[in-house]
Asker: 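Below: one structure in structure tokens.
Start at 1 and go down the list; that is how both ligands and their atoms are numbered.
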Amino acid sequence: MKISTIGGNVAENSGGLRGLKYGVTRNYVMGLEVVLPDGELMWLGNKCVKDVAGYSLKDYSLARKDSGVITKVLLRLVPRPAAKKTMVATFARMDEAAEAVSAIIAARIIPCTLEFLDRVTIHCVEDYAKIGLPLDCEALLLMETDGHPAAVADEAARMEKCCRDCGCLEVRVAGDEAEAAKLAGARRSAFAALARVAPTTILEDATVPRSELAKMVRFVETVAKKHRLRIGTLATWETVICIPRSSLMNGMKRRCAASKRRSRRFLRKRIRLGGTITGEHGVGLPKSHFCQNLPGLPRCA
Ligand SMILES: Cc1cc2nc3c(=O)[nH]c(=O)nc-3n(C[C@H](O)[C@H](O)[C@H](O)COP(=O)(O)OP(=O)(O)OC[C@H]3O[C@@H](n4cnc5c(N)ncnc54)[C@H](O)[C@@H]3O)c2cc1C
């Protein structure tokens, strides 16, 4: 977040912690100046909120990622929300946290942030960043709501109720902006914290419909226990398989191959639950095989 550029965000159509309510970069791009591979300079899009003239080359360009070098971006700005509340709910079981997410969405609440950290991730983050996260729980949900003060108060109360109904241990409300930034920082530093404890990680971003989250979480837990794997589940339920340092010295190749097999098992399970093989990072070479072998998915080159 500190080092990424507007050009890189547009090229990757990046999303962040507030994506649930505010969407991704594409939703804010109104126009682009692009230098095409043959050197031609092209302006795509404009300041008009409504425009259906011709093909939407701006969106085509955003979807392709490799259509040229972006030299100017016309962005839509949104006003800073009048109020914001940041909360952390802790749970004794991962699937209870997953159920709370489904309950919040089913209650038609759209928080700006609704992110998950499991025990493995919480402990790694705490070792690394010393944020003061609760360590006596199996999972936590980081929840943020923003907007009109009355709406924020109402949504925060209803989210707290959803968490309590799903058996949460505690709901902590950030006292001020500094504490809220610290809690959001826990999520932001999670990948770095996990990478610190394991030199090699396999990050999996396959997603399932929200109603199937609890089933998926239970499945990941079972596989992790059975094969004694250290798996962090975090953010929008991405799984990170940590391959231990000792494996570097001792049969790394075998261990890596086994972890990759488990990762593929997670993918297959997600497809069976009505999910997709990638929610954010894209197909790329490692997953192109899945497109060719799974029924119902488009074939890719
Ligand atoms: C630890 C970590 C966490 C991340 N978390 C998230 C996340 O939560 N959500 C998410 O969406 N993404 C995430 N990302 C990936 C993220 O999309 C990119 O890191 C970042 O947003 C891209 O911006 P950048 O300036 O770093 O681009 P770079 O990494 O520098 O570039 C990314 C790509 O864009 C191209 N590019 C850069 N500038 C231009 C330009 N002007 N015109 C054309 N092409 C250009 C580059 O050639 C490259 O192919 C994460 C990455 C890391 C390392």
Asker: Do Tyr22 and Val152 belong together in a cluster built from hydrophobic side chains that touch within less than 4.5 Å?
Answerer: no

Asker: Taking all non-hydrogen atoms of both residues, which atom of Ser211 and which atom of Ser102 are closest, and how far apart?
Answerer: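 Minimum heavy-atom contact is CA-OG, 4.0 Å.
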
Asker: Kindly confirm or rule out an N or O of Phe191 lying under 3.5 angstrom from an N or O of ligand 1.
Answerer: no

Asker: If you count the atoms of ligand 1 from 1 in the order shown, which ones are under 4.0 Å from a heavy atom of Arg187?
Answerer: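 Selected atoms, number and element: 8 (O).
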
Asker: What are the two closest heavy atoms between Ala107 and Cys162, and how far apart are they?
Answerer: CB-SG, 4.2 Å

Asker: Is it the side chain, the backbone, both or neither of Ser4 that has a heavy atom closer than 4.0 Å to ligand 1?
Answerer: both

Asker: Would you say Val69 and ligand 1 have an N/O pair spaced under 3.5 Å apart?
Answerer: no

Asker: Under 3.5 Å, is there a donor on one side chain and an acceptor on the other for Asp205 and Thr278?
Answerer: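 Present: a donor and an acceptor within the cut-off.
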
Asker: N/O of Thr5 under 3.5 Å from N/O of ligand 1, yes or no?
Answerer: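 Min N/O separation from ligand 1 is below 3.5 Å for Thr5.
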
Asker: Out of Gly19, Gly16, Gly15, Ser14, whose heavy atom is nearest to atom 7 (C) of ligand 1?
Answerer: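 Minimum heavy-atom distance to atom 7 (C) of ligand 1 goes to Gly15.
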
Asker: List ligand 1 atoms under 4.0 Å from Ala11, heavy atoms only on the residue side.
Answerer: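 Here the atoms of ligand 1 in question are 34 (O), 35 (C), 36 (N), 44 (N), 45 (C).
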
Asker: Give me the one residue out of Lys85, Arg80, Arg18, Lys21 that meets salt bridge (Lys or Arg N to Asp or Glu O under 4.0 Å) with Asp146.
Answerer: Lys21

Asker: Looking at CD1 of Ile277 and CZ of Arg270, how far apart are the two atoms once the value is rounded to the nearest 0.5 Å?
Answerer: 12.0 Å

Asker: So if I count the atoms of ligand 1 from 1 in the order they appear, which ones are less than 4.0 Å from some heavy atom of Gly68?
Answerer: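 Atoms satisfying the 4.0 Å criterion: 43 (C).
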
